[in-house]
Amino acid sequence: MAFRLPGVNLSLLTAALLAAGSSALLPAIAHAKVGVTSATDGDPRGKPPAEAERVLRVGIDVQANELITTSANDRAHLMFLDGTSLSIGPNAQITIDKFVYDPTTKTGDLAINASKGVFRLVGGKISKTNAITVTTPSSTIGIRGGISLFNVEQRSTTSVFVFGISMSVGAGGQLEVVTRPGFQVTTLLGGQPGRPGAVPAGTLTATLGQLEGGRGGQQGGGADQSAQNSGFSNANSGQGSGNTLGNRFGSGPGPRNVNPSNIVTNAISNATETAPSNLPTLPDRIVSQSTPMQQTITYSGVMGGLVNNNGNTSFGTGTYQQIWSMNTGTGNTTANFNNSTYSGTTTRVGNSGFQATMPTTTPATPGRTMTMNGAFVGQGTFPTNQAGTFAVNGPNYQAGGAFAGQKTP
């Protein structure tokens with residue numbers, strides 16, 4: 001599904017995407033660290049604002065306003081403090097323009113300027129309440145709660161909506177909003193975004209191939225496998241043991257060092273930006289609930305993500321159903337993903353989060369377990385939507401992505 005919103009003042013678009021949904025945070029910290037290098041292949045380089053350029057090795061902190069570049073044989077995988085992950089392909093150049101994150105409220109802003117290259121962004125906690133902004137020479141892109149791929153060239157940008165809540169693409173006074181997985185928007189330099197269309201056969205595989213390591217990463221594989229080995233992917237968007245991501249970032253030498261100050265990171269490049277009141281809003285996917293205190297609530301939704309099966313990379317989709325008990329704060333979830341069925345218990349995490357641990361029930365795929373980490377989101381006495389991330393682990397098999405669902409009648 002896609003929505004076209006003509007007449008948008010794009011001189012204000014970036015400000016709207018950055019400022020919408022943000023909360024009051026602490027004053028800016030000069031050159032604050034915003035994430036960590038969780039995997040590399042080759043010798044990707046980073047140039048902080050006030051320091052010399054250095055090779056990004058696993059465990060090296062990434063700072064606000066840092067310029068990151070890769071050559072033909074380089075790749076990098078970055079994990080931000082909110083759980084957002086960014087995979088950077090060869091011959092790429094990006095700058096982390098803005099990062100604001102409050103671990104107490106799990107809200108903030110993230111803005112990236114991508115000059116060239118292929119990238120994959122998996123949204124963390126920030127993207128659940130506010131659009132992550134990616135600016136390219138051809139367009140301004142907003143990602144809400146999910147996965148997007150970008151191919152940025154000198155005179156065009158192709159944005160692929162893999163999964164999530166929405167992806168907006170703005171340029172030339174026009175805004176395209178995509179909510180259907182597997183659709184892309186191409187924007188030519190100086191023009192308006194094209195109409196969303198299905199990703200051509202083979203294109204996704206070719207794009208993902210550019211993100212895979214060519215010479216073997218520091219931890220024995222490509223950037224994605226090295227990120228898995230590093231342990232950071234288990235904490236993406238709140239997955240893992242439940243510890244806050246802020247406790248997992250340090251100055252080196254490894255990615256598990258504790259941040260001794262444990263302060264709120266607030267590195268803002270454009271602190272004076274405000275959201276204009278006359279911009280159109282994104283389509284509202286929230287449905288009012290007339291009986292919020294019923295004993296059980298059934299949620300149904302879809303999921304999608306990347307699959308690595310015996311070294312073969314592909315994109316998988318599936319569905320899930322969760323029956324949640326209002327009285328006990330527990331439930332049961334069943335998921336069907338990539339031709340396997342999973343089932344298990346669901347428990348509450350915090351005030352609005354939940355986690356489901358589900359072994360496979362398909363005899364042909366023994367040893368696989370899916371973990372879903374998400375949150376109840378929406379309006380009213382009890383929220384009507386769900387969103388989050390999932391991960392599947394098994395012998396010679398890994399998968400991960402995002403899911404979203406709504407209360408069923």
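Values reported hereafter were calculated over all heavy atoms of this structure, with side chains retained and with hydrogens, waters and symmetry mates removed. Not measured: the values here are computed from a predicted model. Numbering of residues begins at 1 and proceeds along the displayed sequence.
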field: Distance in Å, Met372 CE paired with Phe354 CZ, rounded so as to fall on 0.5 Å steps
entry: 5.5 Å
message: Donor-acceptor check, side chain of Ser127 to backbone of Gly124, threshold 3.5 angstrom: yes or no?
response: yes
- prompt: For the residue pair Gly353 and Phe376, what are the closest heavy atoms and their distance?
  reply: O-CE1, 4.4 Å
- prompt: Can you tell me if Asn308 uses its side chain to pair, donor with acceptor, with the backbone of Gly311 under 3.5 Å?
  reply: yes
- request: Locate the shortest heavy-atom distance separating Asn91 from Ala72; write the atom from each residue and the value.
  value: OD1-N, 3.2 Å
- line: On a heavy-atom basis, the closest approach of His77 and Ser87 is ND1-OG, 2.9 Å
- request: Answer yes if the ring centres of Phe315 and Phe163 are under 6.0 angstrom apart, and no otherwise.
  value: no
- request: I would like to know whether Leu149 and Val118 meet side-chain contact (heavy atoms from CB on, under 4.5 Å); could you show each step before the answer?
  value: CA-CA 7 Å; Leu149 290 166; Val118 173; 5.6 Å; no
- request: Take Thr365 and Thr360 through the test side chain to side chain donor-acceptor pair (under 3.5 Å) and record every step on the way to the result.
  value: CA-CA 7 Å; Thr365 57; Thr360 182; 3.2 Å; yes
query: Roughly how far apart are Leu121 CG and Leu86 CG, rounded to 0.5 Å?
result: 5.5 Å
field: side-chain contact (heavy atoms from CB on, under 4.5 Å) between Val307 and Thr313, worked out
entry: CA-CA 6 Å; Val307 175; Thr313 302; over 6 Å; no
query: Within a strict 4.5 Å, meaning less than it, do heavy atoms of the Thr334 and Thr341 side chains meet?
result: yes
Full working for salt bridge (charged side-chain N to carboxylate O under 4.0 Å, His left out) between Lys125 and Asp82: CA-CA 5 Å; Lys125 293 186 179 70; Asp82 75 312; over 6 Å; no
- line: When Thr157, Val152, Leu188, Thr186 are each screened for side chain to side chain contact (heavy atoms under 4.5 Å, CB included) with Ser138, the one that passes is Thr157
- prompt: How many angstroms lie between CG in Asn385 and CD1 in Ile165, if you round to the nearest 0.5 Å?
  reply: 8.0 Å
message: Can you confirm if the NZ or CZ of Arg368 lies within 45° of the ring axis of Tyr342 and under 6.0 Å from the centre of its six-membered ring?
response: no
- prompt: Under 4.5 Å between any side-chain heavy atoms of Ile96 and Val62, yes or no?
  reply: yes
query: Hey, is Arg57 close enough to Asp43 for a salt bridge, meaning N to O under 4.0 Å?
result: yes
- prompt: Which heavy atom in Phe337 sits nearest to a heavy atom in Gly304, and how many Å separate them?
  reply: CE1-CA, 4.4 Å
message: Contact between Val302 and Tyr320 at the side-chain level, heavy atoms closer than 4.5 Å - yes or no?
response: no
field: Side-chain donor or acceptor of Thr70 paired with backbone N/O of Ala92 under 3.5 Å
entry: yes
task: Look only at the side chain of Asp97 and the backbone of Ile112, and say whether a donor-acceptor pair between them is shorter than 3.5 Å.
output: no
Stepwise side-chain contact (heavy atoms from CB on, under 4.5 Å) test for Leu78 and Val34: CA-CA 10 Å; Leu78 311 180; Val34 301; over 6 Å; no
Residue pair Thr369 / Val392, side-chain heavy-atom distance below 4.5 Å: no
message: For a quick test of reading the model, state the closest non-hydrogen atom pair linking Lys98 to Asp109 and the distance between them.
response: NZ-OD2, 3.7 Å
field: Nearest-0.5 Å distance that lies between atom CG in Leu110 and atom OG1 in Thr133
entry: 8.0 Å
field: Distance (rounded to the nearest 0.5 Å) between Thr317 OG1 and Phe403 CZ
entry: 15.5 Å
- prompt: Are Val134 and Ile143 close enough that some pair of their side-chain heavy atoms sits under 4.5 Å apart?
  reply: yes
- prompt: Should the heavy atoms of other residues, nucleotides or ligands under 6.0 Å from CG of Asn310 be counted, would the total exceed 12?
  reply: yes
field: Any Thr107 side-chain heavy atom under 4.5 Å of Ile126 side chain
entry: no
Those residues that, when tested against Arg54, pass salt bridge (charged side-chain N to carboxylate O under 4.0 Å, His left out) (two or more places apart): Glu66
Sub-4.5 Å side-chain heavy-atom contact between Leu208 and Arg120: yes
field: Minimum side-chain heavy-atom gap Gln322-Gln386 below 4.5 Å
entry: yes
Shortest non-hydrogen separation from Gly172 to Gln192 and the atoms involved: O-NE2, 3.0 Å
- request: Using the side-chain contact (heavy atoms from CB on, under 4.5 Å) rule, take Met358 and Thr333 through it: C-alpha gap first, then chi angles, then the decisive distance, then the call.
  value: CA-CA 8 Å; Met358 302 175 290; Thr333 303; 3.6 Å; yes
- prompt: Which distance, rounded to the nearest 0.5 Å, do you find between the CZ of Phe161 and the OG of Ser168?
  reply: 10.5 Å
- prompt: Is there a donor-acceptor contact under 3.5 Å from the side chain of Asp74 to the main chain of Ser71?
  reply: yes
